[in-house]
Undergrad: 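Mind looking over this structure? Questions follow.
Just so it is clear, the model here is predicted, and its values are computed rather than measured.
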Amino acid sequence: MSSQHIHFEIPRHNNGHRPNYHRGRYAVPQDLTPFKDKILELASQAASKAEQTKEIQKYLLRDERIRCTAVDINSHLAEWGITRGRRNGGRRPRLPSMARLSCVIKLERFQGPILQWNREGLDASEIRDRFRKRFKKDVREGNIKKNLARWLPCPDGEVILRGPWRAMESLPGDNQLPELPFLPTNVLTEDELQSLKNAIQDVYLQESASQPDPTHDWPERLANALCLDETIQGIVVKEKMSPGCHWDWKRLLDPLWILGIYLPGSYQYETVNTESKIRAVVNSFTPAILRITYSRLSEWLDQAIADVLETHEDGWLDAALLLRPATTPASCIIKLLDAAYGEINVLRLDVGLRKSLRRLPLNNLPGCEDLLRCLEEESDEPSILDSFTADVTKRLERLEQARIVLADLPPLTEADMAAVTTERETNAKYQKTSRQKDQEDQGDQEDQAEPGYDNGQSAGVGRLYTILCRYARKRVKPQPLAFCKWNCPTSGPLIGHPPARFDEADWDLVDGLGRDETGENVAEEMYLDQEPQRGPVNETRNYKKCIQYLELVLATQQPEEKEDYETIVSRMAACNSRNFQKHHTTAAPWSTNLRDDDWWHFRRLLQMLSKRYALEDEVCAAFERRMMMVLAAMEGGFTEAVLWLIPLEGLSKHFSWYISMRNKTTGSLTEPELALQQELLRELLTFSHGLALQNLTLRFHAKDPRANESSPLPKNMLLVWYTMIYQAKQTCHLRSCHRPLPHPRQITETTMRGAMLSVGLNDTRSGSSRSRSFISNDRGIGGIFPCLYTWFRGRDPHPALLRAYLWFGGIFHSRGGCKARRGKWRENY
């Protein structure tokens with residue numbers, strides 16, 4: 001079969017080139033009628049218009065030697081009655097008066113008519129026709145289906161007639177009740193919360209009541225809503241890691257969470273016509289709801305793990321499966337921590353006062369001399385620090401791991417001994433050069449850390465949380481309904497926190513703002529700068545409960561926990577060289593790399609103190625071994641993480657007092673040498689604090705804030721953290737400031753980054769680079785450990801982390817100079 005060409009003469013261009021005969025005004029039209037049958041056959045087989053034209057062009061060029069344009073092919077197909085859209089199926093003819101579909105039309109203001117047509121049984125295409133005729137606008141069928149799925153995601157197929165309902169994980173529309181704020185319900189003011197309750201009740205009362213038993217499907221709805229909550233998912237993951245330590249079947253649902261979930265028939269029937277009756281009905285269902293929720297999530301987690309292990313290489317989940325999260329501290333431990341913290345404050349102030357008095361001319365000030373003598377007299381009454389430290393270390397030394405021998409360290413050289421005496425001017429010059437080098441190295445790093453995000457922990461640690469969240473979203477379809485301007489409380493759907501072990505009372509019995517389940521304000525400041533108790537502290541009821549709790553923690557240690565603890569102690573004992581990977585960020589992140597380097601610095605600083613001041617080897621070895629046992633317990637091997645803070649400080653206090661007593665005995669130290677000794681001792685204490693914070697932090701997985709921001713309903717992590725802190729301590733961390741902290745309703749990112757509030761620590765995080773110059777000079781600008789503000793963005797709040805935060809620091813007012821006047825603890829015990 002040959003083609004028939006139309007020949008005519010075309011003049012050349014001025015440049016001598018022949019024109020293109022296949023496009024533009026010089027294109028030669030082709031007669032494709034002889035090839036009609038083959039072209040129609042190819043057109044019927046193509047999936048889209050683009051593929052249709054491409055296949056026809058290939059056929060004509062390959063078999064018939066004809067180069068033809070898409071315009072020619074489409075015009076012939078149109079003549080032969082073949083018209084196809086750009087996607088699958090035929091294109092609906094667009095009316096001339098309709099708007100082009102170049103943008104998606106927001107359908108919230110047309111929700112009423114669309115839902116009415118849906119109730120009449122019309123499908124998306126028929127609703128589109130009605131929409132076009134009534135509003136003279138065209139809308140995509142997919143847009144109609146998407147909005148109907150968002151408005152009508154009920155399991156029984158019933159239609160919600162009111163617009164203020166949305167899917168659980170979707171944001172409210174811009175036009176949905178703009179007068180109500182979209183904030184967690186527990187941070188709303190009383191007027192805002194009451195307005196929200198009135199709006200929800202009005203919506204229920206405007207619906208038609210048709211069900212004889214409106215509560216028959218409430219457990220299913222509430223269980224589906226719980227399965228989608230990330231707080232509940234996190235508790236299930238922690239329960240899998242440590243069975244029996246995190247999930248509590250006796251907990252109740254928060255009334256502020258119940259408030260926003262769509263429960264058909266609420267406020268319409270006599271049995272559920274008030275908020276208190278609705279809460280009573282839900283409380284009666286709660287045990288069954290928790291059983292359903294835990295059963296589903298644990299089953300999905302097992303299935304998700306099995307699916308991941310089939311599709312990923314070996315070891316992909318190892319880091320996640322090895323994490324042993326800490327449990328919620330018992331109330332008796334919190335009370336003991338409060339009392340011990342008060343003792344530490346008084347003790348440090350006494351030490352600073354004694355040093356100040358010694359600088360005065362006491363011969364002319366007899367009153368000051370008497371005061372100094374009273375302060376230096378050792379009290380015969382045991383303190384909480386002394387008693388509890390002795391009880392804890394006595395029990396730890398009974399463990400098998402206490403017999404592990406620490407590896408010998410490399411001997412200190414003369415250069416090491418001289419490095420710590422470097423003049424401060426030279427050291428300041430070195431710090432400036434080191435800072436410039438760190439900034440240059442940081443510029444070469446391609447993968448920079450986001451400001452405020454601690455990305456040092458392995459990403460694999462939090463994978464169980466991620467895969468369970470994705471698995472739950474796939475399984476819970478359609479999503480439960482929630483009121484458009486309701487937002488989940490910051491603490492999650494359940495009242496309080498996961499329980500403490502051994503049926504001990506939880507330290508938190510109220511919600512984030514001090515309201516109990518009846519809504520009455522019962523908050524009391526639970527974290528006070530208490531004065532130390534006088535008398536036999538080890539005979540008090542609370543102290544005995546703490547000892548009993550400690551013995552239960554030790555006695556119920558599981559085989560895998562014993563193995564973890566032995567691994568940690570063995571690793572720390574074998575540390576006799578430095579293996580540190582330098583960070584290329586402005587501050588070193590929380591990581592195992594930094595944790596191991598902190599322990600290396602601790603051992604070397606203790607070695608320097610022992611050799612330079614001829615300390616007894618037995619005392620130093622006992623102090624080092626006991627500190628290793630306590631720090632290892634913080635890192636893992638036990639479910640409890642924060643009670644070890646007291647023996648950590650108690651051991652440091654005893655060692656500091658031993659050095660002081662030895663100085664009095666020898667009396668041979670000069671003032672500069674005594675100042676250097678105090679500087680080394682302070683650096684040793686700061687590294688022990690940094691190591692404790694590293695161990696506590698790494699017991700909880702880090703979250704990438706970018707993943708939270710890209711979620712369907714992102715959390716304001718800063719608000720969640722601040723609300724939890726505000727519950728525990730509602731005043732400024734400065735002892736002399738009695739002004740309350742602002743209400744969580746007022747908290748924003750700017751507020752917490754210096755405009756109104758600021759995060760501060762008791763220690764100087766940068767430490768003394770001169771004191772550790774014989775060990776390292778590459779710890780960067782960040783110093784010994786990162787700022788605790790990174791917790792507010794990268795980690796979910798937990799009671800154990802909260803107690804550690806309040807132990808090492810607090811929140812200060814920026815205005816008024818509270819943070820500037822707080823001072824750092826520069827005095828040793």
Side-chain angles (χ1 to χ4, degrees), residues 46-53 70-71 74-75 77-78 81-182 199-200 202-204 206-208 262 477-486 710-714:
S48 64
K49 183 175 180 180
E51 294 180 3
Q52 163 188 289
T53 305
V71 176
N74 292 333
S75 62
L77 290 175
I82 304 299
T83 57
R84 302 193 62 178
R86 300 190 180 188
R87 300 288 180 189
N88 297 340
R91 176 188 294 177
R92 180 184 299 272
R94 185 181 293 118
L95 299 180
S97 60
M98 302 303 161
R100 293 181 60 85
L101 296 178
S102 57
C103 61
V104 178
I105 299 177
K106 293 184 178 181
L107 299 181
E108 279 75 11
R109 56 192 178 122
F110 307 108
Q111 184 174 357
I114 292 176
L115 290 175
Q116 180 63 34
W117 296 331
N118 182 77
R119 291 196 300 272
E120 296 174 1
L122 302 183
D123 59 13
S125 61
E126 294 170 331
I127 292 177
R128 181 184 183 185
D129 293 335
R130 291 278 189 95
F131 191 91
R132 183 188 297 114
K133 292 178 182 178
R134 178 170 175 178
F135 298 108
K136 303 301 180 183
K137 296 178 180 292
D138 199 5
V139 63
R140 294 184 176 93
E141 294 181 14
N143 193 13
I144 296 175
K145 293 179 181 179
K146 180 179 178 181
N147 282 274
L148 285 175
R150 185 164 59 90
W151 297 333
L152 315 172
C154 298
D156 297 335
E158 71 270 19
V159 177
I160 303 302
L161 306 180
R162 300 297 301 172
W165 297 105
R166 59 174 173 83
M168 189 80 180
E169 290 192 319
S170 63
L171 291 169
D174 297 335
N175 299 326
Q176 290 182 302
L177 302 178
E179 67 276 7
L180 294 177
F182 185 61
I200 293 175
D202 292 342
V203 171
Y204 277 117
Q206 293 178 16
E207 295 180 3
S208 58
Y262 177 69
K477 288 186 178 180
Q479 289 189 7
L481 286 178
F483 191 69
C484 61
K485 285 306 180 71
W486 166 88
S710 62
S711 64
L713 196 60

Undergrad: What is the distance from atom CG of Asp138 to atom CG of Asn143, rounded to the nearest 0.5 Å?
TA: 11.0 Å
Undergrad: So, do Trp117 and Arg134 sit near enough that their side-chain heavy atoms are less than 4.5 Å apart?
TA: yes
Undergrad: For a quick test of reading the model, state the closest non-hydrogen atom pair linking Pro113 to Phe135 and the distance between them.
TA: CG-CZ, 4.1 Å
Undergrad: Test side chain to side chain contact (heavy atoms under 4.5 Å, CB included) on Phe131 and Ile144; report intermediate values, then the result.
TA: CA-CA 10 Å; Phe131 191 91; Ile144 296 175; 5.5 Å; no
Undergrad: Identify the heavy atoms of Cys484 and Leu177 that sit nearest to each other, and give their distance.
TA: SG-CD1, 3.9 Å
Undergrad: From Ile114 CD1 over to Gln111 CD, what is the distance, rounded to the nearest 0.5 angstrom?
TA: 8.0 Å
Undergrad: How long is the span from the CD atom in Gln52 to the CG atom in Asn74, to the nearest 0.5 Å?
TA: 7.0 Å
Undergrad: Please name the pair of heavy atoms, one in Phe483 and one in Ala199, separated by the smallest distance, quoted to 0.1 Å.
TA: CZ-CB, 3.9 Å
Undergrad: Give the C-alpha distance, both sets of side-chain angles, the deciding distance and a yes or no for side chain to side chain contact (heavy atoms under 4.5 Å, CB included) between Lys145 and Leu148.
TA: CA-CA 5 Å; Lys145 293 179 181 179; Leu148 285 175; 5.7 Å; no
Undergrad: Give me the ring orientation class for Tyr204 and Tyr262: parallel if the planes are under 30° apart, tilted from 30 to 60°, perpendicular past 60°.
TA: parallel
Undergrad: What are the two closest heavy atoms between Arg166 and Leu171, and how far apart are they?
TA: CD-C, 4.1 Å
Undergrad: Are Val139 and Phe110 side-chain neighbours, meaning at least one heavy-atom pair lies under 4.5 Å?
TA: no
Undergrad: With Pro178, which residues qualify under side chain to side chain contact (heavy atoms under 4.5 Å, CB included), at least two apart?
TA: none
Undergrad: Which pair of non-hydrogen atoms, one from Glu169 and one from Gln479, has the smallest distance, and what is that distance?
TA: N-OE1, 2.9 Å
Undergrad: Closest heavy-atom contact between Leu180 and Lys485?
TA: O-NZ, 2.9 Å
